[in-house]
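Here's the structure, in structure tokens; my notes come after.
As the structure is a computational prediction, the values presented were derived from the model and not from experiment.
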Amino acid sequence: MNLKTPGEESLDTAGALSAAMMREMRARNRANLAAAAAQTDPLARLEGGLAVHCRVDLASRTVLESASMANLFKGYEALLPGRDLGKVGLISATASGICGGVHATASALCLEMALGLTPPPLGIVLRNLLLSCQYLNDSCLHLFVLAGPDYSRQAFESTNPEIWSRAVKAPCRRAQQHGYTRVGDLMAALDKGEGALYKEALQMAARARQAYTLLGGKYPHSESIVPGGVALPADAAKLAEFSAVLQPFAAYSQKTAAVWDDVFDFLLEAEPRYAELGRAPASMLDFGQWDHPDYYDGSYARCDMWGARRWSTPGALIDGQLACTALSLLNAGMEEHLDYSYQQRAAQSRAMIGTDPNGNPISRFHPWNKRTEPAKAHNPHAYSWGSSLAWRGHNFEVGAYARLYLSAAAQALPPSKYVAADGTGLDFSLPDEQANEIRLRWNIPALWNAFERNRARAYSLAFNVGVTRENIALAKAAIASGATQTRVSLDNVPTGKRLGVGLWGASRGFLAHWAVLDEQVIDNYQIAIPSRINVGTRMPDRTPGPLEQALCNTRIIESRYNDANDFVGIDIRRVVQSFDPCMDCTVYILIGDGATVLERTVDTRAR
């Protein structure tokens, strides 16, 4: 693309960033480094934040270029080598301040593989149930507390009054499911802090956290998830209370899907250009989640088998085509690139790992071969402390929606009373509190964009409820039969060089922990988190990262501005939120030649 605005250099090559963008991001990086140096609490530096830079032409309503910048070097992987193996999960869980449980589970899976541990069936099922609680909590908050207000009465009155005037008159097609007769009423219920749907989501999230504490202890950083299973016991009474606390989510999942179907369908009819909001190729990857206790043994040798029996299906989707569902090949194809990063690879004092334990070749850029450090030499292309994660040369996005999309496309789900895939979508059948059957259908969309990311997240509630129902039944059967063991001990640790990987997920997408053990000690440990993947840098061939590409395809539909001073950037904010970043996020909007820079905050952390 050879874009040009008055007074500014054109982009010299497809995918390159303009001088104005690079100047702005380097200035931000210097400011971030100075702030970090002044920070006295070292733990405050672990998670970092996100700065999204966009250069826009307000006259043509176009995003000219975009770059997403992770603003600090994390380096928490360096905390793991040499640590006691039993404590690894407690440390690695600090990779996120809000998703400790999923990191603890990924770490447990990683060490189970490296050490040859297989948890007892009840331990596997309890981890599944805890995962569902985190997903339910995060999905409620994302849809109604974080992203929801961007589609509220407050938002449209201030940015697009012409759409708001239509919304107040537009009838809802699904009023019977959610109780609102007009789209305007729905949007008012999404108002931040005041809307009924906003307040209800806080209550439902609290319910999910309450359920988590019944089986997992404290939330979010439970210490009950350990290599070999879970540390806390479970009994029939606890399980019955857990089930009762989560039961309202069946009806709530139907309500949530109906709300977002009505909002998005209305907006696309009122303004068809919204189809371009955050548009991107349907390229995504997920490792699947919720292990089946009849198949999971933790081994790499059999991971393709037990991965295929997960309650959501592992897979890679490239440009809408299913490319792979084998867990070992999904792992083996991973590469992490630092071409546009302030990081650099540390000098290797050890031989590269050339194949995975099954003999599949892996790249020198694979996480098992990755050791990084802050760059010592100037990289003129660098603009982020993040990286670019690719699979077989393709970048991809991750999210709760990937679980639905891949499971629907692969048609390989375990037999279930509640969820079924047919290649074009997913069907859900859920009992509500009165034992009435709730039926829902999610279809693979024809076009992938910001609306469809959030629509799929809305339907992910039903997916989670269905999987939770299956696992509650399995837990009840195990306890009734006397199979109450929840963990195996970390004894007789094998010697030699061992490889492990925990292929798991968080609410906002896949999560992976890789470990190299040498003589019972962690020699290398690497973590890939979903937010850093979605906000990744350009690829070596200058292909933009997932969020970068989605922003560059976005048209500015906001209408109520006269100049830069009253430009809100709501369309840009909606695209950023559609990727559900878990880090603090600020959007810097460069107007035209970059002389004017607007700073806009995106609320991504109300967890």
Side-chain angles (χ1 to χ4, degrees), residues 76-95 101-120 123-124 127 223 225-231 287-289 291 295-307 310 314 326-334 336 348 350-363 366-371 487-505 510-529:
Y76 46 63
E77 293 94 342
L79 299 173
L80 276 300
R83 297 279 184 169
D84 179 272
L85 296 180
K87 304 286 181 63
V88 168
L90 301 180
I91 300 167
S92 65
T94 64
V102 292
H103 277 281
T105 305
S107 182
L109 294 169
C110 179
L111 291 185
E112 285 165 7
M113 182 177 290
L115 302 175
L117 298 176
T118 301
I124 296 169
R127 289 200 304 215
E223 298 180 7
I225 300 171
V226 295
V230 296
F287 296 128
Q289 277 96 60
D291 287 311
Y295 301 100
Y296 174 74
D297 67 1
S299 71
Y300 198 90
R302 292 167 54 83
C303 72
D304 291 344
M305 182 277 294
W306 54 256
R310 283 183 156 177
L327 207 52
S328 65
L329 297 180
L330 294 174
N331 170 60
M334 287 290 154
E336 190 165 2
Q348 286 280 12
R350 302 160 181 82
M352 289 280 182
I353 299 169
T355 63
D356 71 2
N358 288 354
N360 299 309
I362 65 172
S363 163
H366 189 277
W368 272 327
N369 287 319
K370 181 194 174 195
R371 297 171 194 266
R487 67 181 293 190
V488 294
S489 60
L490 192 64
D491 297 329
N492 303 316
V493 176
T495 58
K497 191 168 188 175
R498 316 280 297 188
L499 299 178
V501 58
L503 303 172
W504 199 237
F510 93 24
L511 176 67
H513 287 219
W514 289 270
V516 179
L517 275 60
D518 193 1
E519 298 302 335
Q520 304 178 334
V521 174
I522 289 181
D523 179 54
N524 189 17
Y525 202 96
Q526 298 294 323
I527 300 173
I529 66 173

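Relative ring orientation between H513 and H103 is described as tilted, the plane-to-plane angle lying within the 30° to 60° band.
A donor atom on one side chain and an acceptor atom on the other are found under 3.5 Å apart for W514 and N331. Side chains of N358 and Y300: no donor on one and acceptor on the other come within 3.5 Å. With 3.5 Å as the limit, one finds a donor-acceptor pair spanning the side chains of D297 and W306.
Inter-residue side-chain proximity for W368 and N524 is flagged as unmet; no heavy-atom pair is nearer than 4.5 Å. Side-chain contact between R487 and P119 is absent, with no heavy atoms from C-beta onward closer than 4.5 Å. Taking 4.5 Å as the limit, every side-chain heavy atom of I522 sits out of range of all side-chain heavy atoms of V516. Looking at heavy atoms from C-beta onward, R127 lies in side-chain contact with V230 at the 4.5 angstrom threshold. Considering only heavy atoms from C-beta on, L517 stays 4.5 Å or farther from Y525 through its side chain.
Q520 contributes a side-chain N or O that, together with a main-chain N or O of V493, makes up a donor-acceptor pair within less than 3.5 Å. Between the side chain of D304 and the backbone N or O of L327, at least one donor-acceptor pair lies under 3.5 Å. The main-chain N or O of I353 is found under 3.5 Å from a side-chain atom of N369 such that the two form a donor-acceptor pair. Side chain of E112 to backbone of P227: no donor-acceptor contact under 3.5 angstrom is found.
Nearest heavy atoms, W504 versus Q289: O-NE2, 3.3 Å. Looking at every heavy atom in both residues, A332 comes nearest to D356 through CB-OD2, 3.9 Å. Here the closest non-hydrogen pair linking L511 and A106 is CD2-CB, 4.0 Å. For A108 against I225, the heavy-atom pair with the smallest separation is CB-CG2, 4.5 Å. The two atoms that bring P120 and G228 nearest to each other are CD-O, 3.6 Å, heavy atoms only. For R498 against L115, the heavy-atom pair with the smallest separation is NH2-C, 4.4 Å.
Note that CE of M334 and OG of S363 are 12.0 Å apart. Values are rounded to the nearest 0.5 Å. Atom-to-atom distance recorded for R371:CZ and Q526:CD is 8.0 Å, nearest 0.5 angstrom. In this structure, H366 NE2 and M352 CE are separated by 12.5 Å, a value rounded to the nearest 0.5 Å.
Salt-bridge annotation for D291 and R310: present, with a side-chain N of the basic residue lying under 4.0 Å from a carboxylate O of the acidic one.
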>> One pair to check against side chain to side chain contact (heavy atoms under 4.5 Å, CB included): L330 and L503. What are the steps and the verdict?
In response: CA-CA 10 Å; L330 294 174; L503 303 172; over 6 Å; no

